[in-house]
Amino acid sequence: MLVTSFLRALPAALLFLGTNAIPVEDHQKRQASIDAFVTSEAAVSIQGVLANIGADGSKAQGVPAGIVIASPSRSSPDYYYTWTRDAALTYKALIERFVSGDTSLRQKIDEYVSAQAYLQTVSNPSGAPDSGGLGEPKFNVDRTAFTGAWGRPQRDGPPLRATALVIYANWLIANGNQTYAANTVWPVIAKDLGYAVTYWNQTGFDLWEEVNGSSFFTLSATHRALVEGAALATKLSQTCSGCADAAPQVLCFMQSFWTGSYIDSNINVNDGRTGKDVNSIISSIHTFDPAAACTDATFQPCSSRALANHKAVTDSFRTVYGINSGIAQGKAVAVGRYFEDVYYNGNPWYLATLAAAEQLYSAAYQWDQLGSVTVDSTSLAFFRDLVPSIATGTYAKGSSTYTSILSAVRTYADGYIAVVQKYTPSNGGLAEQFDKSSGSPLSAADLTWSYAAFLTAADRRTGTVGPTWGEPSNNTPPTSCTGTVACNAQITFNVRATTTFGENVFVVGQLTQLGNWDPNSAKPLSASKYTSSDPLWYATIDLPASTAFEYKYIRKSSSGAVTWESDPNMSYTTSAGCGSSASVNDTWR
Ligand SMILES: *[C@@H]1O[C@H](CO)[C@@H](O)[C@H](O)[C@H]1NC(C)=O
Ligand SMILES: *[C@@H]1O[C@H](CO)[C@@H](O)[C@H](O)[C@H]1NC(C)=O
Ligand SMILES: *[C@@H]1O[C@H](CO)[C@@H](O)[C@H](O)[C@H]1NC(C)=O
Ligand SMILES: *[C@@H]1O[C@H](CO)[C@@H](O)[C@H](O)[C@H]1NC(C)=O
Ligand SMILES: *[C@@H]1O[C@H](CO)[C@@H](O)[C@H](O)[C@H]1NC(C)=O
């Protein structure tokens with residue numbers, strides 16, 4: 001307050017606040033200009049997002065309700081498809097807005113739930129619904145499968161969708177609508193989590209659809225979804241087979257992407273790249289937890305690792321784009337996907353530049369909550385770019401060093417917004433890319449993800465954040481990693497068996513869960529749906545996935561006498577999908 005009025009009293013002064021400071025008057029003008037831009041562009045962005053969603057989006061006419069088109073562009077490039085990833089990240093932004101009070105979005109969110117429930121049933125080149133089909137990256141806008149050649153599968157879609165829907169389900173529960181959460185939203189989430197548990201340890205294509213390997217973004221999205229999915233299952237008295245076991249193993253695997261100075265975004269692939277890729281920055285903003293500390297293991301935005309990575313990734317673009325030339329170290333630059341990129345000859349992307357800003361706003365939020373900033377040997381170079389005199393140490397809120405750091409980081413973050421502002425046309429339209437030499441918009445126009453990225457960056461800038469996903473109690477990787485996690489498939493045994501009063505039916509078989517053939521340990525079936533015309537006995541039992549076994553039904557009289565059905569033994573093999581469900585329909589022999 002004092003400082004502000006002192007500065008205001010010297011309007012013409014060219015007052016420098018350290019090496020990176022700019023004249024105060026210019027600084028204030030620039031600040032006002034960025035504030036105004038953020039306000040106007042956020043308004044354009046929400047309209048831009050809604051225009052690209054069926055059924056009533058102005059640029060998505062004739063598209064079914066709840067389907068998000070990636071862009072209205074139908075040629076050069078043709079992005080008139082719906083991607084599971086883009087749609088989920090877009091809806092995550094919308095659901096966060098809804099949870100923060102924009103009730104107008106409710107119907108659109110319910111339409112997303114229905115549209116995704118439908119897409120989960122569509123067989124496609126990645127597989128059938130219960131055999132890998134959820135990993136299909138994109139569909140035609142009419143919800144039919146896209147059958148052309150593509151980089152598939154992409155395993156980030158299911159966990160990203162689960163995260164968006166978990167935020168909604170938790171809101172429903174907190175607002176007295178457990179029924180809709182359990183009966184309508186949970187079944188969609190459960191299938192996505194089952195996919196994640198089953199496939200997290202297999203390779204797939206990264207978010208840029210180019211590299212077939214292990215992607216840091218996919219793994220970090222998977223970790224978050226499994227953690228919050230397992231917690232939601234508990235709240236709803238549902239099972240999430242393997243979620244709680246797989247989550248720490250995914251976190252364990254994520255540690256191997258850290259090179260010691262930055263995150264190598266793709267491993268288990270020989271892609272000839274350094275791995276410096278905005279993939280990792282987008283991971284940090286997606287898994288940002290407002291309740292978290294600056295945890296290195298989960299690469300939180302304020303963690304030393306994520307800050308060192310921010311520097312490594314953004315610095316890698318300083319020399320490759322003409323529009324970045326002459327910009328000093330420590331000042332924001334235009335950011336692309338990865339500096340070796342050749343798509344459209346390799347250019348900056350709006351969503352990548354916005355992600356660089358969003359990580360820093362999120363970090364500032366975390367330091368403010370935690371009440372201090374720690375500079376260590378890993379993050380020192382990042383901080384030195386902004387505050388050249390800084391030394392390692394912990395600086396408490398209220399100290400002048402803390403204040404300088406926070407102010408420098410926010411100014412640096414605003415710099416990325418200023419880059420976006422500079423290259424955004426006057427109507428506010430956000431394409432996918434902007435030309436590395438001229439700065440003109442390039443590739444698909446009105447990219448939904450660009451607008452969604454603007455919305456989340458603008459929210460973090462004002463300290464508006466989503467709910468916690470449980471990072472504080474799920475941020476310690478086990479000491480040794482394994483890719484093998486036990487998971488179950490749910491089998492419903494239905495048997496038609498006419499019984500007399502006092503008789504009960506059981507299933508017994510080769511697995512521990514089926515009593516190891518011991519009639520005393522056999523599993524009871526229920527007669528709650530039994531009628532004289534349909535003498536149904538049934539039970540739903542969790543059995544290990546991908547397992548072949550033999551079984552039989554037995555009946556026990558009221559005196560305990562056991563009658564076995566006749567030979568042969570029956571056999572069954574459970575599906576490979578964790579959390580999948582199936583039924584067998586038998587008749588007593
Ligand atoms: C629960 O949410 C659904 C979806 O928005 C809505 O249709 C339904 O009316 C809600 N029920 C209650 C009791 O609020
Ligand atoms: C599977 O997990 C193990 C243990 O973390 C890891 O070493 C391996 O690279 C992973 N493989 C894939 C394809 O994810
Ligand atoms: C991706 O890599 C895996 C091996 O890690 C391989 O089995 C699979 O066929 C590859 N997929 C494509 C489309 O090349
Ligand atoms: C059924 O399985 C049990 C236990 O393995 C075995 O003892 C029995 O011989 C099998 N019955 C037939 C008909 O194969
Ligand atoms: C068993 O019957 C139910 C309906 O009672 C049906 O939904 C299910 O598909 C059947 N399962 C098999 C394996 O035929």
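Ligands are counted one by one from 1 in listed order, and the atoms in each one are counted from 1 as well.
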### Query
Taking heavy atoms and a distance under 4.0 Å, where does Trp171 meet ligand 1: side chain, backbone, both or neither?
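It is neither part, as no heavy atom is under 4.0 Å.
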### Query
Any ion pair linking Asp102 and Lys108 (charged N to carboxylate O, less than 4.0 Å)?
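Looking at Asp102 together with Lys108, the answer is no, because their closest N to O distance does not fall below 4.0 Å.
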### Query
Is the ring centre of Phe493 less than 6.0 Å from the ring centre of Tyr572?
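Here the rings of Tyr572 and Phe493 have centres that are no less than 6.0 Å from each other.
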### Query
Is it true that Tyr553 and Trp588 have ring centroids separated by less than 6.0 Å?
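Ring-ring flag for Tyr553/Trp588: false, centres at least 6.0 Å apart.
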Think [X] forms a cation-pi with [Y], using NZ or CZ under 6.0 Å from the six-ring centre and within 45 degrees of its axis?
| X | Y | result |
| --- | --- | --- |
| Lys556 | Phe506 | yes |
| Arg161 | Tyr91 | no |
| Arg155 | Trp200 | no |

Counting non-hydrogen protein atoms only, what is the nearest one to [atom]? Give residue, atom name and distance.
| atom | result |
| --- | --- |
| atom 3 (C) of ligand 4 | Asn569 ND2, 3.6 Å |
| atom 9 (O) of ligand 1 | Asn177 ND2, 4.8 Å |
| atom 4 (C) of ligand 4 | Trp517 NE1, 3.2 Å |
| atom 8 (C) of ligand 5 | Ser583 OG, 3.5 Å |
| atom 6 (C) of ligand 5 | Asn585 ND2, 4.3 Å |
| atom 5 (O) of ligand 1 | Asp110 OD2, 2.5 Å |

### Task
Measure from atom 11 (N) of ligand 4 to the protein's non-hydrogen atoms and state whether any distance is below 4.0 Å.
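There is a protein heavy atom less than 4.0 Å from atom 11 (N) of ligand 4.
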### Task
Write down the atom of Asp245, the atom of Pro248, and the distance for their closest heavy-atom approach.
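The pair with the smallest heavy-atom distance is O-CD, 3.5 Å.
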### Message
Under a 4.0 angstrom heavy-atom cut-off, which atoms of ligand 4 come close to Asp567?
### Response
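Result: 13 (C).
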